S.K.: 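Below is one structure. I have some questions about it.
Keep in mind the model is a prediction, meaning the values are calculated, not measured.
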Amino acid sequence: MKDESYNNKTETYIKGRVSAVVPVYNGEKHLANILDSILEQTWPQIELILVDDGSSDGTVAVAEGYRENFAVRGYGYRIVQADHRNASAAISRGLPYVTGEYLIWPDSDDRLERESVAKRVKFLQDHPQYQCVRSLAYYYEQETGEQISADEKTGDLSKEDLFWDILYSRTYVCCGCYMLRSESFFKIYPERHIPEYDVGQNFQMLLPFMFYHQCPTIPEQLYGVCVREGSHSRTKLTKEEEYRKYRDYELLVDEIAEICHIEDKSSRKRIAFWKANRRFHLAVKYGNRKEAMKASKLTVKYSDQRLCLRLKDFIGRCFYDKWIVRQFAYYSHKISKFRKK
């Protein structure tokens, strides 16, 4: 039976409690990863809000089988059932139930190291000037458990202003690495509802928060990312699906810009550059010269002082056809004019 809408938007949070909102869809075979790792945490105050996104397998049965284990451990445990939509909608269904001082939202197939919650809470307790903190992650194979290399950038770990680095994919958005103070999060989303798209959930959770708050990094691998066949991130998309995904991300970022009240010309220009750059790479991937030419002109128009790096990337990605020669001449001309300004 599906839970009814929950409207108790508490303005107080239980001190020391960590609320974990975990969306899951058809997780019968992997849900134990996150459930077991939460039960193994050393931190004494945790509540798990597990949101089933309309699974058609035995996910709910697996989840129900853990009730006694959570009760024995002394952790809160709630299963919220919803119609199938997407991960961001599932998180929205779980947010009204959050009562903890701290908020995390790990994926249902990943795992937390035993000290993951405790070390992040301790950091925030010792550094009250920060509203969030993150750790590092490692990646492992589902079948063997062996760690593998990741393709996600870490970036400059000394940086604390992460909004643009996250948007530009210069650093990671690995969801289980981040811990936020709930009160600060719900000042951004007072209705306890994030934008719901078929893409993203981490952009919705992180970007507005990072726009307003600094985020330091604990340089330890406290979160394990499961790499498995059939996961959402490893599903191969068709050309049409990928173009739709890119379009949805643009709409999402536009909405996030509204949430953050981003109106200054410089920031809007940076967002426009992000869009054009993504469109360019997608057009190159599918050999769409017309769209690539159009997007490349926009990247020049909206680019900043790192234009020489954009040129280097342009050459590296497009040296598959002679039309690069014409594009190179165009970029060189623009760079020359830019430097004279």
Side-chain angles (χ1 to χ4, degrees), residues 9-22 41 43-49 88 91-92 94-107 112-113 115-137 154-168 170-195 200-220 222-223 252-253 255-262 264 267:
K9 301 168 189 171
T10 179
E11 296 299 328
T12 60
Y13 303 91
I14 298 175
K15 190 172 180 61
R17 176 180 288 182
V18 176
S19 297
V21 178
V22 178
Q41 291 303 296
W43 188 251
Q45 298 186 68
I46 296 177
E47 67 172 356
L48 173 60
I49 303 160
S88 56
I91 288 179
S92 282
L95 290 176
Y97 297 95
V98 169
T99 64
E101 182 181 5
Y102 308 103
L103 173 63
I104 61 175
W105 62 103
D107 277 342
L112 297 160
E113 292 299 292
E115 296 284 337
S116 180
V117 170
K119 287 187 175 182
R120 287 181 285 172
V121 170
K122 186 65 166 57
F123 180 93
L124 290 175
Q125 289 179 336
D126 292 343
H127 301 84
Q129 70 273 28
Y130 289 113
Q131 301 304 305
C132 58
V133 69
R134 66 176 184 169
S135 69
L136 298 177
T154 57
D156 182 356
L157 297 181
S158 67
K159 288 190 67 175
E160 298 180 355
D161 182 3
L162 300 181
F163 178 86
W164 295 108
D165 281 23
I166 288 175
L167 180 64
Y168 282 10
R170 294 175 187 148
T171 191
Y172 54 95
V173 296
C174 187
C175 57
C177 293
Y178 289 80
M179 177 178 284
L180 317 177
R181 293 189 193 271
S182 298
E183 184 175 7
S184 296
F185 180 78
F186 289 121
K187 284 182 179 178
I188 297 172
Y189 291 118
E191 298 301 316
R192 296 194 172 215
H193 181 278
I194 64 173
Q201 77 252 22
N202 295 331
F203 267 27
Q204 293 95 312
M205 298 292 286
L206 288 175
L207 280 177
F209 204 94
M210 299 303 146
F211 184 78
Y212 291 109
H213 303 290
Q214 304 289 295
C215 185
T217 303
I218 299 173
E220 296 182 53
L222 301 179
Y223 185 69
L252 169 58
V253 169
E255 186 168 350
I256 288 173
E258 291 182 10
I259 292 170
C260 298
H261 306 291
I262 298 177
D264 65 283
S267 295

S.K.: Any sub-3.5 Å donor-acceptor pair from Arg181's side-chain atoms to Tyr130's backbone N or O?
M.R.: yes
S.K.: Report the residues that fulfil ring pair (Phe, Tyr, Trp, His ring centres under 6.0 Å) with Phe185, sequence neighbours left out, ordered by chain and then residue number.
M.R.: Tyr189
S.K.: Start with the C-alpha distance between Trp105 and Val98, add both sets of side-chain angles, then the distance that settles side-chain contact (heavy atoms from CB on, under 4.5 Å), and finish with yes or no.
M.R.: CA-CA 11 Å; Trp105 62 103; Val98 169; over 6 Å; no
S.K.: Would you name the heavy atoms of His213 and Ser184 that are closest together and state the gap between them?
M.R.: NE2-CB, 3.9 Å
S.K.: With heavy-atom distances below 4.5 Å as the criterion, would you say the side chains of Val21 and Tyr97 are in contact?
M.R.: no
S.K.: Within the structure provided, determine whether Ile104 and Tyr178 are in side-chain contact (heavy-atom separation under 4.5 Å).
M.R.: no
S.K.: For Cys177 and Ala137, which heavy atoms make the closest approach, and how far apart are they?
M.R.: SG-CB, 3.5 Å
S.K.: What heavy-atom pair brings Arg134 and Thr171 nearest, and what distance separates the two atoms?
M.R.: NH1-OG1, 3.0 Å
S.K.: Could you tell me which non-hydrogen atom of Ser19 sits nearest to which non-hydrogen atom of Gly100, and how far apart they are?
M.R.: OG-N, 2.8 Å
S.K.: Does a donor on one side chain and an acceptor on the other come within less than 3.5 Å for Ser135 and Arg120?
M.R.: no
S.K.: Which distance, rounded to the nearest 0.5 Å, do you find between the CZ of Phe211 and the CD1 of Ile262?
M.R.: 4.5 Å
S.K.: Are any side-chain N or O atoms of Glu101 and backbone N or O atoms of Gly16, one a donor and one an acceptor, separated by less than 3.5 Å?
M.R.: yes
S.K.: Do the side chain of Trp43 and the main chain of Lys122 share a donor and acceptor less than 3.5 angstrom apart?
M.R.: no
S.K.: With a 4.5 Å heavy-atom cut-off, do Asp156 and Arg170 have their side chains touching?
M.R.: no
S.K.: Could you tell me which non-hydrogen atom of Tyr102 sits nearest to which non-hydrogen atom of Gln125, and how far apart they are?
M.R.: OH-CG, 3.5 Å
S.K.: What distance do Leu180 atom CG and Ile188 atom CD1 have between them, rounded to the nearest 0.5 Å?
M.R.: 8.5 Å
S.K.: With sequence neighbours left out, write down each residue that passes ring pair (Phe, Tyr, Trp, His ring centres under 6.0 Å) with His193, or none if nothing qualifies.
M.R.: none
S.K.: Roughly how far apart are Leu167 CG and Leu206 CG, rounded to 0.5 Å?
M.R.: 12.0 Å
S.K.: Could you tell me which non-hydrogen atom of Ser116 sits nearest to which non-hydrogen atom of Gln41, and how far apart they are?
M.R.: N-OE1, 3.6 Å
S.K.: Would Tyr212 and Gln131 count as having a side-chain donor-acceptor pair, cut-off 3.5 Å?
M.R.: no
S.K.: Could you walk me through whether Phe186 and Tyr13 pass the side-chain contact (heavy atoms from CB on, under 4.5 Å) test, one step at a time?
M.R.: CA-CA 11 Å; Phe186 289 121; Tyr13 303 91; 3.3 Å; yes
S.K.: Could you go through Gln201 and Asp107, starting from their C-alpha distance and side-chain angles, then the distance that decides it, and tell me whether this counts as side-chain contact (heavy atoms from CB on, under 4.5 Å)?
M.R.: CA-CA 11 Å; Gln201 77 252 22; Asp107 277 342; 3.6 Å; yes
S.K.: Nearest 0.5 Å, please: how far is CZ in Phe123 from OG1 in Thr217?
M.R.: 8.5 Å
S.K.: CG/Leu157 to CD1/Ile218 distance, rounded to the nearest 0.5 angstrom?
M.R.: 12.0 Å
S.K.: Taking Glu255 for its side chain and Leu252 for its backbone only, find out whether a donor-acceptor pair lies under 3.5 Å.
M.R.: no
S.K.: Can you name the residues that form a salt bridge (Lys or Arg N to Asp or Glu O under 4.0 Å) with Glu115, not counting sequence neighbours?
M.R.: none
S.K.: Go through the steps to decide whether Leu136 and Tyr172 satisfy the test side-chain contact (heavy atoms from CB on, under 4.5 Å), and finish with yes or no.
M.R.: CA-CA 9 Å; Leu136 298 177; Tyr172 54 95; 3.5 Å; yes
S.K.: Is there a donor-acceptor contact under 3.5 Å from the side chain of Glu47 to the main chain of Thr99?
M.R.: yes
S.K.: Drop me the distance from Cys132's SG to Gln214's CD, to the nearest 0.5 angstrom.
M.R.: 8.5 Å
